[in-house]
Amino acid sequence: MATKVYIVYYSMYGHVEKLAEKIREGAASVEGVEAKLWQVAETLSDDVLGKMSAPPKSDVPIITPNDLAEADGFVFGFPTRFGMMSAQFKAFLDATGGLWRTQQLAGKPAGIFYSTGSQGGGQETTALTAITQLVHHGMIFVPIGYTFGAGMFEMEQVKGGSPYGAGTFAGDGSRQPSDLELEQALHQGKYIATITKRLKGSA
């Protein structure tokens with residue numbers, strides 16, 4: 001039976017979604033792993049989104065809390081809001097009380113990726129504060145550490161991400177994820193999929 005890795009994200013302007021696509025690609029490259037993209041539901045009205053110049057959502061399916069129970073591992077992605085995950089993703093996790101009561105996510109590995117507007121926008125605090133959600137579910141946080149190698153020490157170009165997970169800088173919204181940031185996302189997908197497969201196999 002295939003190991004299922006769900007890449008679950010919220011993306012307002014598409015930056016997180018681009019990382020998610022690369023993470024899915026990386027996870028799917030691991031033999032025996034089935035990687036699937038999901039997005040969480042929007043909580044803002046179309047009117048408000050229009051005023052924020054947010055583009056239409058992609059056709060990636062909307063996840064429900066109960067869908068999480070089917071996966072063996074996760075990579076959760078979101079933009080930052082004042083150094084923490086966006087309200088849309090927090091609202092989704094707030095609705096997982098039923099899974100918490102039955103401990104259906106306990107022991108499952110999960111990684112985190114993110115987007116911030118600037119270097120001081122919360123690349124690490126967004127991941128760090130999100131870990132509390134994993135802890136209460138008993139999930140196993142899987143950081144990438146420095147397994148990305150030389151790419152972790154890049155100093156000649158702007159690069160998001162950290163030992164906590166892949167990341168990108170959106171700037172004023174016009175900056176898109178760089179090739180190096182996308183490579184880190186690809187690596188994270190492979191890395192977490194490999195660990196998820198290993199854990200499932202030893203269960």
Side-chain angles (χ1 to χ4, degrees), residues 5-27 35-65 67-68 71 74-96 110-134 141 144 157-162 164-189 192:
V5 175
Y6 284 179
I7 298 90
V8 185
Y9 68 91
Y10 172 77
S11 188
M12 179 172 281
Y13 295 106
H15 299 80
V16 173
E17 185 166 70
K18 283 185 172 64
L19 294 180
E21 289 166 351
K22 274 295 177 182
I23 289 173
R24 191 211 65 80
E25 183 183 333
K36 184 172 182 178
L37 282 177
W38 297 89
Q39 58 181 326
V40 303
E42 181 59 78
T43 59
L44 298 176
S45 68
D46 290 341
D47 182 54
V48 170
L49 290 171
K51 290 177 180 177
M52 298 176 73
S53 301
K57 292 289 189 283
S58 69
D59 59 0
V60 170
I62 303 295
I63 194 167
T64 67
D67 290 322
L68 292 176
F74 311 94
V75 198
F76 297 129
F78 27 78
T80 186
R81 296 292 184 266
F82 300 111
M84 300 178 72
M85 70 171 64
S86 65
Q88 290 86 345
F89 208 92
K90 179 63 164 56
F92 169 72
L93 291 175
D94 283 348
T96 60
I112 293 167
F113 62 106
Y114 37 82
S115 170
T116 67
S118 65
Q119 294 185 42
Q123 288 275 310
E124 293 190 348
T125 61
T126 300
L128 187 62
T129 53
I131 291 172
T132 60
Q133 314 295 316
L134 311 185
F141 174 52
I144 58 172
Q157 61 175 294
V158 174
K159 184 190 79 68
S162 74
Y164 289 94
T168 187
F169 293 116
D172 63 0
S174 61
R175 183 186 186 273
Q176 295 300 310
S178 68
D179 289 343
L180 187 57
E181 289 170 338
L182 293 173
E183 286 173 20
Q184 187 176 34
L186 185 78
H187 169 76
Q188 183 174 18
I192 291 183

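When a residue number appears, it is its place in the shown sequence, counting from 1. In what follows, every heavy atom counts, from backbone to side chain, and hydrogens, waters and symmetry copies are set aside.
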Handout entry: pair His15-Phe169: side-chain heavy atoms closer than 4.5 Å
Key = no

Handout entry: Reported CD-to-CG distance for the pair Gln88 and Leu44, which is rounded to 0.5 angstrom
Key = 5.0 Å

Exercise for the section: Just say parallel, tilted or perpendicular for the rings of Phe92 and Phe89, cut-offs at 30° and 60°. Expected result: perpendicular

Problem - Interatomic distance, Leu68 atom CG to Leu93 atom CG [nearest 0.5 angstrom] - result: 8.0 Å

Handout entry: Side chain to side chain, Met85 and Thr129, heavy atoms closer than 4.5 Å
Key = no

Exercise for the section: May I ask you to test the Val16-Phe113 pair for a side-chain heavy-atom distance under 4.5 Å? Expected result: yes

Handout entry: Euclidean distance, Lys57 NZ relative to Ile62 CD1, rounded to 0.5 Å
Key = 8.0 Å

Handout entry: Sidechain-backbone polar pair: Thr116 side chain, Gly121 backbone, donor-acceptor under 3.5 Å
Key = no

Problem - Any Thr126 side-chain heavy atom under 4.5 Å of Tyr164 side chain - result: no

Exercise for the section: Specify the closest pair of heavy atoms between Glu17 and Ser58, including all atoms of both residues, with the distance to one decimal. Expected result: OE2-OG, 2.6 Å

Fill in the blank from the handout: Scanning both residues in full, the closest heavy-atom pair of Ala27 with Val5 reads CB-CG1, 4.5 Å

Practice task
Name all residues meeting the side-chain contact (heavy atoms from CB on, under 4.5 Å) criterion together with Ser178; count only those two or more places apart in sequence or in a different chain, and write none if there are none.
Solution key: Gln157, Arg175, Leu180, Glu181

Practice task
Please tell me if the side chains of Val8 and Gln39 come closer than 4.5 Å, counting only heavy atoms from C-beta onward.
Solution key: no

Practice task
Supply the atom-to-atom distance Thr80 OG1 to Glu124 CD, rounded to the nearest 0.5 angstrom.
Solution key: 12.0 Å

Problem - Exam field: side chain Gln123 to backbone Thr168, donor-acceptor pair closer than 3.5 Å - result: yes

Handout entry: Between Ser174 and Asp172: side-chain donor-acceptor atoms closer than 3.5 Å
Key = yes

Handout entry: Side-chain donor or acceptor of Gln188 paired with backbone N/O of Ile112 under 3.5 Å
Key = yes

Problem - Atom pair CE/NZ of Met84 and Lys90 - distance to nearest 0.5 Å - result: 7.5 Å

Completion exercise
In terms of heavy-atom contacts, Ala166 and Ala185 come closest through CB-CA, 3.7 Å

Completion exercise
So NZ of Lys36 and CG of Asp67: to nearest 0.5 Å the spacing works out to 7.5 Å

Problem - Taking every non-hydrogen atom, the tightest pair across Tyr13 and Ser53 - result: CE2-O, 3.7 Å

Completion exercise
For Ala91 and Thr43 the tightest heavy-atom approach is CB-CG2, 4.2 Å

Handout entry: Tyr9 side chain near Ile23 side chain, heavy-atom distance below 4.5 Å
Key = no

Handout entry: Cationic N near anionic O, under 4.0 Å, Lys22 to Glu25
Key = yes

Handout entry: Non-hydrogen side-chain atoms of Met12 and Leu49 separated by less than 4.5 Å
Key = yes

Exercise for the section: Could you check if a side-chain atom of Thr96 sits within less than 4.5 angstrom of a side-chain atom of Gln133, using non-hydrogen atoms only? Expected result: no

Problem - Distance-only donor-acceptor check, side chains Tyr114 and Ser162, under 3.5 Å - result: yes

Exercise for the section: Go through the steps to decide whether Val40 and Phe78 satisfy the test side-chain contact (heavy atoms from CB on, under 4.5 Å), and finish with yes or no. Expected result: CA-CA 10 Å; Val40 303; Phe78 27 78; over 6 Å; no

